[in-house]
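Here the structure comes first, spelled out in structure tokens, and everything after it is commentary.
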Amino acid sequence: MTVVIGFEGSANKIGVGIVRDGEVLSNPRRTYITPPGQGFLPSETARHHRSVILTVLKEALEEAGLKPADVDCVAYTKGPGMGAPLVTVALVARTVAQLWGKPLLGVNHCIGHIEMGRLITQANNPTVLYVSGGNTQVIAYSERRYRIFGETIDIAVGNCLDRFARVIKISNDPSPGYNIEQMAKKGTQYVELPYTVKGMDVSFSGILSYIEETLFSMLVEITERAMAHCSSQEVLIVGGVGCNLRLQEMMGVMCKERGAKLFATDESFCIDNGAMIAQAGWEMFRSGQTTELSDSWITQRYRTDEVEVTWRD
């Protein structure tokens, strides 16, 4: 009988499983969960994996009732996935293989999904729909290859759902997709969204664009209300999202209808940069403001309206 231990950590989940001739002996796992409205960054995900991987490895061996000497091969996810988490897992797998004196085997993440599915379901030669946070593919086996017959031409369906969940602040625990599904079960109204099938390929970015259209409409509306309240004839869009051309276009239509003027910058200045801090400091300093060393602390909560603007009339 052959025993293989596998290490997976290509995204926000870290798992160690042990299989013996088609029997799953153990399969503990941990998930890196971020707050609602946030995704998971590679470096932070890797840090999470490093903090728990040895604990998960110990659990896998204990649940399987095996010792390192019982293992015949150490397998790990070679790719695809997020760089930093993949490196973390590969490093541990390489170390374990050397310490235990076992052979090492790099495995394709997608193939791992397919083969586990075939094992659990006992499907013989199925057409496979592979959908995840990073992949959306229709696959079938032919001539010693898993052939891709169709796939997304932009973002993966899971990524689309994750990003949608972040927009409306749906919890990431246990996963955005799961929570969206539970909420959808309670829905009573079907909302039409862009339906884009191009041959065998699909596009999900249009759905997010549709969502953005709604969000941007709301922003345009409240901006127009503020303009009316202040009798203003100018609009300035700043911040990273200000780079969005559709937002600029929609705001421009409103401004034109009101006889107002729209101002916006490109990504050089819309996205966070040092020059914007320098310019604000210049204005503050010229108006007589300075900060004493004893007052030079930081705060994560600093509202715009807390600042006294001494450099304008």
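Values reported hereafter were calculated over all heavy atoms of this structure, with side chains retained and with hydrogens, waters and symmetry mates removed.
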Next on the checklist: Could you check whether any side-chain heavy atom of T31 comes within less than 4.5 Å of a side-chain heavy atom of N172, counting everything from C-beta outward?
Outcome noted: no
Item to check | Between CZ on residue R258 and CD on residue E234, distance to nearest 0.5 Å | outcome: 13.0 Å
Checklist entry - Do V19 and I14 share a hydrophobic cluster (ILVMFWY, side-chain heavy atoms under 4.5 Å, transitive)? => result no
Item to check | Sub-4.5 Å side-chain heavy-atom contact between I18 and L66 | outcome: yes
Checklist outcome for this item: One should read off an interatomic distance between L54 CG and T95 OG1, to the nearest 0.5 angstrom, of 9.5 Å
Item to check | Heavy-atom side-chain contact between M82 and F40 under 4.5 Å | outcome: yes
Checklist entry - Given the rule that I, L, V, M, F, W and Y join up when any side-chain heavy atoms are under 4.5 Å apart, are M183 and V167 in one cluster? => result yes
Item to check | Exercise: identify the closest heavy-atom pair between A75 and V4 | outcome: CB-CG1, 4.1 Å
Item to check | Contact check, side chains of K256 and V253, non-hydrogen atoms, under 4.5 Å | outcome: no
Checklist entry - Taking E8 for the side chain and S10 for the main chain, is one N or O donor matched with an acceptor at less than 3.5 Å? => result yes
Checklist entry - Which atom names give the shortest non-hydrogen contact between V74 and A93, and what distance separates them? => result CG1-O, 3.7 Å
Next on the checklist: I'd like to know if the side chain of E151 reaches the main chain of N135, judged simply by a donor and an acceptor atom lying under 3.5 Å from each other, with no hydrogens or angles considered.
Outcome noted: no
Next on the checklist: I want to check something: taking the side chain as every heavy atom from C-beta on, are Y32 and V52 in contact at a cut-off of under 4.5 Å?
Outcome noted: no
Checklist entry - Closest approach of K102 and P68, non-hydrogen atoms and distance? => result CE-O, 3.3 Å
Checklist entry - Between M116 and V107, is there a shared hydrophobic cluster once you connect ILVMFWY residues whose side-chain heavy atoms come closer than 4.5 Å? => result no
Checklist outcome for this item: Rounded to the nearest 0.5 Å, the CD1 atom of I111 sits from the OH atom of Y130 at a distance of 9.5 Å
Item to check | Pair R312-E283, side chain to side chain contact (heavy atoms under 4.5 Å, CB included): steps then yes or no | outcome: CA-CA 9 Å; R312 294 188 59 176; E283 294 280 7; over 6 Å; no
Item to check | Flag side-chain contact, heavy atom, 4.5 Å: V92 against Y76 | outcome: no
Next on the checklist: Looking at every non-hydrogen atom in both residues, tell me the closest pair between T2 and D21 and how far apart they are.
Outcome noted: N-OD1, 3.1 Å
Checklist outcome for this item: Nearest heavy-atom approach of R30 to T55 is NH2-CG2, 3.9 Å
Checklist entry - Within a radius of less than 6.0 Å around CZ of R29, do more than 12 heavy atoms belonging to other residues, nucleotides or ligands occur? => result no
Next on the checklist: Within the structure provided, determine whether D162 and R166 are in side-chain contact (heavy-atom separation under 4.5 Å).
Outcome noted: yes
Next on the checklist: Using only atom types and a distance under 3.5 Å, with no angle test, would you say the side chain of D72 pairs donor to acceptor with the backbone of V3?
Outcome noted: yes
Next on the checklist: Applying the side-chain contact (heavy atoms from CB on, under 4.5 Å) criterion to F7, which one of L57, L91, T88 satisfies it?
Outcome noted: L57
Checklist entry - Given side chains that start at C-beta, do those of I155 and S203 come closer than 4.5 Å, heavy atoms only? => result no
Next on the checklist: Check for me, please, whether M1 and L105 land in the same ILVMFWY cluster - side-chain distances under 4.5 Å, paths through other members count.
Outcome noted: no
Next on the checklist: Taking P176's backbone N and O only, do any of them form a donor-acceptor pair with N179's side chain (distance below 3.5 Å, no angle check)?
Outcome noted: no
Next on the checklist: Using modelled atom types and a 3.5 Å cut-off, is there a donor and acceptor pairing between side-chain atoms of E181 and backbone atoms of G177?
Outcome noted: no
Checklist entry - Hey, what do you get for CD1 (I170) to OH (Y178), rounding to the nearest 0.5 Å? => result 13.0 Å
Checklist entry - Roughly how far apart are I53 CD1 and H48 NE2, rounded to 0.5 Å? => result 10.5 Å
Next on the checklist: Checking the side chain of H49 only, and the main-chain atoms of A11 only, is there a donor and an acceptor separated by less than 3.5 Å?
Outcome noted: yes
Checklist entry - Any side-chain donor paired with an acceptor under 3.5 Å for N12 and T45? => result no
Next on the checklist: Let me check something: do V96 and V71 share a hydrophobic cluster, defined by ILVMFWY side-chain heavy atoms less than 4.5 Å apart, either directly or through other members?
Outcome noted: yes
Item to check | Gap between atom CZ of R47 and atom CG of L41 - 0.5 Å precision | outcome: 9.5 Å
Checklist entry - Which heavy-atom pair separates A60 from S26 by the least distance, and what is that distance? => result O-OG, 2.8 Å
